[in-house]
Amino acid sequence: MSGTGQDGGTAPGPYSPAQQPQGFGPPPPPYSPAPPPVPQQPAGSASFADGGPDFLATDRRNAVVVDSEGVSFERGGRTADFAWSHIRAVPYKGSYGGTTLMVAVVLADGLYYECAVDARNGATLQQWFAELAPVLGYYLGGRPQ
């Protein structure tokens, strides 16, 4: 067992310059966070002279409104209003069947409220998604959803 450094053999010698272990390369550049996103005007929306873009989805019983004041849910004739200053996130998704918009408001204290609005068809639901995303992006200004 010669040359292994065990059992009285010789220990391996120092590395030659060609055998020098290579590091992982130069250090990475210093971290600099990306600037916060700038709210963009949603495509196809009118001027924001009235305070900002808005979104409305409604069916026979329920409605979701997103505007410069915050988010409002109407369920069966009762209305719940949530101001932007109290809102942490506004997640949304479509139902399994593909014709219902489900929107939730998550408040700063962790409480959340939900509202579901039935679309006439899948195309209407897709249109709502296309309209809702930029409006929420405008008001939430890069906050996580």
Side-chain angles (χ1 to χ4, degrees), residues 1 3-6 11-145:
M1 296 219 159
T4 63
Q6 299 176 8
Y15 292 106
S16 70
Q19 296 174 326
Q20 284 289 341
Q22 299 297 315
F24 293 102
Y31 173 74
S32 62
V38 176
Q40 299 289 327
Q41 179 172 341
S45 68
S47 104
F48 295 166
D50 60 344
D54 58 0
F55 170 80
L56 171 66
T58 185
D59 65 17
R60 289 178 289 153
R61 295 177 300 277
N62 302 329
V64 173
V65 177
V66 180
D67 59 18
S68 61
E69 304 275 325
V71 178
S72 297
F73 291 160
E74 183 175 329
R75 294 176 55 185
R78 301 181 120 190
T79 302
D81 298 318
F82 307 97
W84 288 117
S85 60
H86 298 141
I87 294 175
R88 180 187 305 166
V90 184
Y92 62 93
K93 67 180 183 176
S95 67
Y96 179 74
T99 58
T100 302
L101 173 66
M102 297 183 291
V103 180
V105 170
V106 181
L107 302 178
D109 62 6
L111 293 174
Y112 69 94
Y113 299 86
E114 299 173 311
C115 186
V117 180
D118 292 326
R120 292 179 190 243
N121 52 44
T124 301
L125 181 62
Q126 293 307 312
Q127 180 183 354
W128 285 348
F129 284 153
E131 293 172 2
L132 181 57
V135 173
L136 288 175
Y138 179 85
Y139 291 115
L140 292 174
R143 289 190 280 178
Q145 290 285 314

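Along the sequence shown, the residues carry numbers beginning at 1.
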With sequence neighbours left out, write down each residue that passes salt bridge (charged side-chain N to carboxylate O under 4.0 Å, His left out) with R61, or none if nothing qualifies. D118
Taking only residues two or more places apart in sequence or in another chain, which ones pass salt bridge (charged side-chain N to carboxylate O under 4.0 Å, His left out) with D67? none
Restricting to non-hydrogen atoms, name the atom on [X] and the atom on [Y] that form the minimum distance, rounded to 0.1 Å.
{"X": "A104", "Y": "E114", "result": "CB-CG, 4.0 Å"}
{"X": "P53", "Y": "Y139", "result": "O-OH, 2.5 Å"}
{"X": "I87", "Y": "V90", "result": "CG2-CG2, 3.7 Å"}
{"X": "D59", "Y": "A116", "result": "OD2-O, 4.3 Å"}
{"X": "G94", "Y": "F129", "result": "N-CZ, 3.4 Å"}

Check whether Y112 reaches the backbone of L107 with its side chain - one donor and one acceptor, N or O, closer than 3.5 Å. no
Test item: S95 side-chain N/O and T100 main-chain N/O as donor-acceptor pair under 3.5 Å: yes
Residues at least two apart in sequence or cross-chain that pass ring pair (Phe, Tyr, Trp, His ring centres under 6.0 Å) with F73, listed by chain then number, are F82
Can you list everything that forms a side chain to side chain donor-acceptor pair (under 3.5 Å) with [X]? Sequence neighbours excluded, please.
{"X": "Q127", "answer": "E131"}
{"X": "D81", "answer": "S72"}
{"X": "T99", "answer": "none"}

Only one of L125, N62, L56 passes side-chain contact (heavy atoms from CB on, under 4.5 Å) with V117; say which it is. N62
Any [X] side-chain heavy atom under 4.5 Å of [Y] side chain:
{"X": "D54", "Y": "V66", "value": "no"}
{"X": "W84", "Y": "V71", "value": "yes"}
{"X": "Y92", "Y": "V64", "value": "no"}

Separation between CE of M102 and SG of C115, rounded to the nearest 0.5 Å: 11.5 Å
